[in-house]
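Working notes for the structure below.
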Amino acid sequence: MVQPHSGTETPPSGSGTHPIFDRPLPVGPDDELTPSDRLALIETDRRQLEVAQRAEYELARKKASRQADEELEAEKDAARRLKAVPMTEISEKRTDWIWKDRVPVGEVTLIAGKGGVGKSTMLAKLGADITTGRLLGQHFGQPRDILYVANEDDIERTVKPRFVAAGADMARVRLVTLENGGLIDMSRDCERFGELAREANAVCIMFDPLSSNLGHGKRNDQSDMRKVFEAIQRMATKYEIAVVGLAHTRKGHSGDLLEAIMGSSEQGNVCRSAIGIIEDDENPGHYVMSQEKSNLSKKSRIESLEYTIEDFGYSANGEYIETSRIGEMVRTHKTVGDLIADQGDGGKAADAREWLRDYLMTHGAATRAEVVAAARGKHAERTLRRVAARMCTSSRVNGNGPAIWELSP
């Protein structure tokens with residue numbers, strides 16, 4: 001054990017430093033320390049020894065922890081076995097839907113879009129429709145419970161009023177929190193959620209947003225995030241429950257909606273279904289919702305919907321509560337993907353739309369090839385196809401002739 005400096009040692013000639021800690025010594029006329037200097041030096045030595053000992057202990061602890069982890073992983077690896085199961089031993093299962101063709105049971109669905117497009121309000125509507133049996137799907141006509149996790153909005157002032165405005169059966173909306181406070185961590189709590197859903201007989205877990213409940217992994221580390229998303233997916237499958245999470249997208253993006261998800265694009269890669277929401281620039285205050293990913297149903301048969309957000313107020317506990325709700329939802333030919341492309345093409349789609357309308361009003365119905373030829377040098381065929389899908393009806397002579405475009409009534 002290193003002994004504190006006693007004040008009687010004399011440093012080597014010319015060194016003028018402490019023999020242990022290699023720092024300058026206070027030097028008097030006769031190379032003697034005063035009593036107060038000696039006490040101060042002893043206390044400094046003691047503290048530095050404690051720091052050195054703590055650092056040494058911490059290094060040893062971390063080394064032992066790493067060694068234990070490596071040994072545990074080695075044991076797990078040694079116990080791993082592969083097996084081959086004949087497909088004849090596997091029973092097929094149909095895909096059930098909480099919301100027909102849009103939100104599958106046993107899978108993860110994302111609702112993605114920029115802030116301010118009513119994602120949380122839409123999520124409250126979906127939850128309310130499940131609790132009242134209004135949602136077209138497996139439980140239509142059969143009110144069921146949901147689990148709801150809210151991270152960004154105040155429960156009393158924002159979340160509950162949204163559900164009230166949406167007409168939810170509030171006894172069937174179960175808010176999930178940690179008993180000791182803090183945030184849900186789906187890297188640790190997946191099994192707990194599955195068990196809680198089973199105990200509550202809930203059919204859907206909703207996260208607003210999903211990204212706030214992914215634990216302490218590195219949000220930009222795709223590998224870390226994918227592990228969490230896959231754990232959520234396995235839980236949904238095991239407990240046969242639908243998981244719906246909101247996802248925010250970056251502002252100003254002009255590419256694929258799922259690639260623009262903030263936090264990690266792995267959310268879009270792992271989910272089996274994704275619904276996009278965007279405001280229609282040509283019709284402010286109107287929002288388009290369309291299926292942007294569907295691994296379990298045909299996107300072509302899923303109609304896009306357009307809606308508005310309307311103010312709603314009611315009295316509760318002697319106070320007047322103001323909130324909002326989803327207005328009337330109607331079918332639309334527009335899609336989120338098309339609107340994103342339009343917003344990112346510098347006005348090319350708007351110009352092509354105006355040109356195509358003028359051309360067809362002047363010439364009447366025309367084949368696609370005729371339209372493309374007439375627009376050569378003015379508008380790209382890809383842009384024309386995109387705007388025609390929203391403006392025109394398309395038919396073929398005798399069912400197999402050239403495609404004919406005609407303005408929709």
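All residue numbers refer to positions in the sequence shown, counting from 1. Bear in mind that the values here come from a model prediction, so they are computed numbers and not experimental data.
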Check Arg226, Gln233, Lys227 against Glu230 for a side-chain hydrogen bond (donor to acceptor under 3.5 Å, both in side chains) and give me the one that passes.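 Exactly one pass, corresponding to Arg226.
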
Going by heavy atoms in the side chains, are [X] and [Y] under 4.5 Å from each other?
X      : Y      : answer
Trp405 : Thr393 : no
Gln138 : Val105 : yes
Leu178 : Asp185 : no
Gln291 : Ile275 : yes
Arg368 : Ile404 : no
Ile277 : Ile111 : yes
Met391 : His333 : no
Ser120 : Leu246 : yes

We want to know whether [X] and [Y] form a side-chain donor-acceptor pair, criterion being a heavy-atom distance below 3.5 angstrom.
X      : Y      : answer
Thr132 : Asp169 : no
Tyr314 : Glu319 : no
Asn151 : Asn213 : yes
Glu107 : Thr237 : no
Glu292 : Ser290 : yes

Hey, is [X] close enough to [Y] for a salt bridge, meaning N to O under 4.0 Å?
X      : Y      : result
Asp96  : Arg94  : yes
Glu50  : Arg46  : yes
Arg162 : Asp153 : yes
Lys93  : Glu240 : yes
Lys125 : Asp129 : yes
Glu381 : Arg376 : no

Separation of Leu110 CG from Lys119 NZ (nearest 0.5 Å):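 Between atom NZ of Lys119 and atom CG of Leu110 there are 11.5 Å.
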
Distance check, rounded to the nearest 0.5 Å: Met289 atom CE versus Tyr307 atom OH? 6.5 Å

Do Ile278 and Val117 pass the side chain to side chain contact (heavy atoms under 4.5 Å, CB included) test, and can you show the C-alpha distance, the side-chain angles, and the key distance before you say yes or no? CA-CA 6 Å; Ile278 193 172; Val117 297; 5.6 Å; no

Nearest atoms (heavy-atom pairs only) where Val173 meets Ala168: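 Heavy atoms only, the tightest pair is CG2-CB, 4.1 Å.
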
Show the nearest heavy-atom pair for residues Ala200 and Asp145, with the distance to one decimal.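 Ala200 and Asp145 have their closest heavy atoms at O-OD2, 3.7 Å.
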
Only one of Phe193, Phe207, Phe163 clears ring pair (Phe, Tyr, Trp, His ring centres under 6.0 Å) with Tyr148; which? Phe163

List the steps, then state whether side chain to side chain contact (heavy atoms under 4.5 Å, CB included) holds for Lys63 with Arg66. CA-CA 5 Å; Lys63 181 178 179 181; Arg66 283 196 302 270; 4.1 Å; yes

Please work out which of the three classes, parallel, tilted or perpendicular, describes the rings of Trp355 and His379, given edges at 30° and 60°.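 Because their plane-to-plane angle lies in the 30° to 60° range, the rings of His379 and Trp355 count as tilted.
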
Return yes if some donor-acceptor pair links the side-chain N/O of Thr332 with the main-chain N/O of Leu305 below 3.5 Å, else return no.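 Checking the backbone N and O of Leu305 against the side chain of Thr332, no donor-acceptor pair under 3.5 Å is found.
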
For Ala78, is there any backbone N or O sitting under 3.5 Å from a side-chain donor or acceptor partner on Arg81? yes

Does the side chain to side chain donor-acceptor pair (under 3.5 Å) test come out yes or no for Ser324 and Asp311, once each step is laid out? CA-CA 4 Å; Ser324 60; Asp311 294 334; 6.0 Å; no

Residue pair Glu195, Tyr239: steps toward the side chain to side chain contact (heavy atoms under 4.5 Å, CB included) verdict: CA-CA 8 Å; Glu195 293 168 1; Tyr239 289 93; 3.5 Å; yes

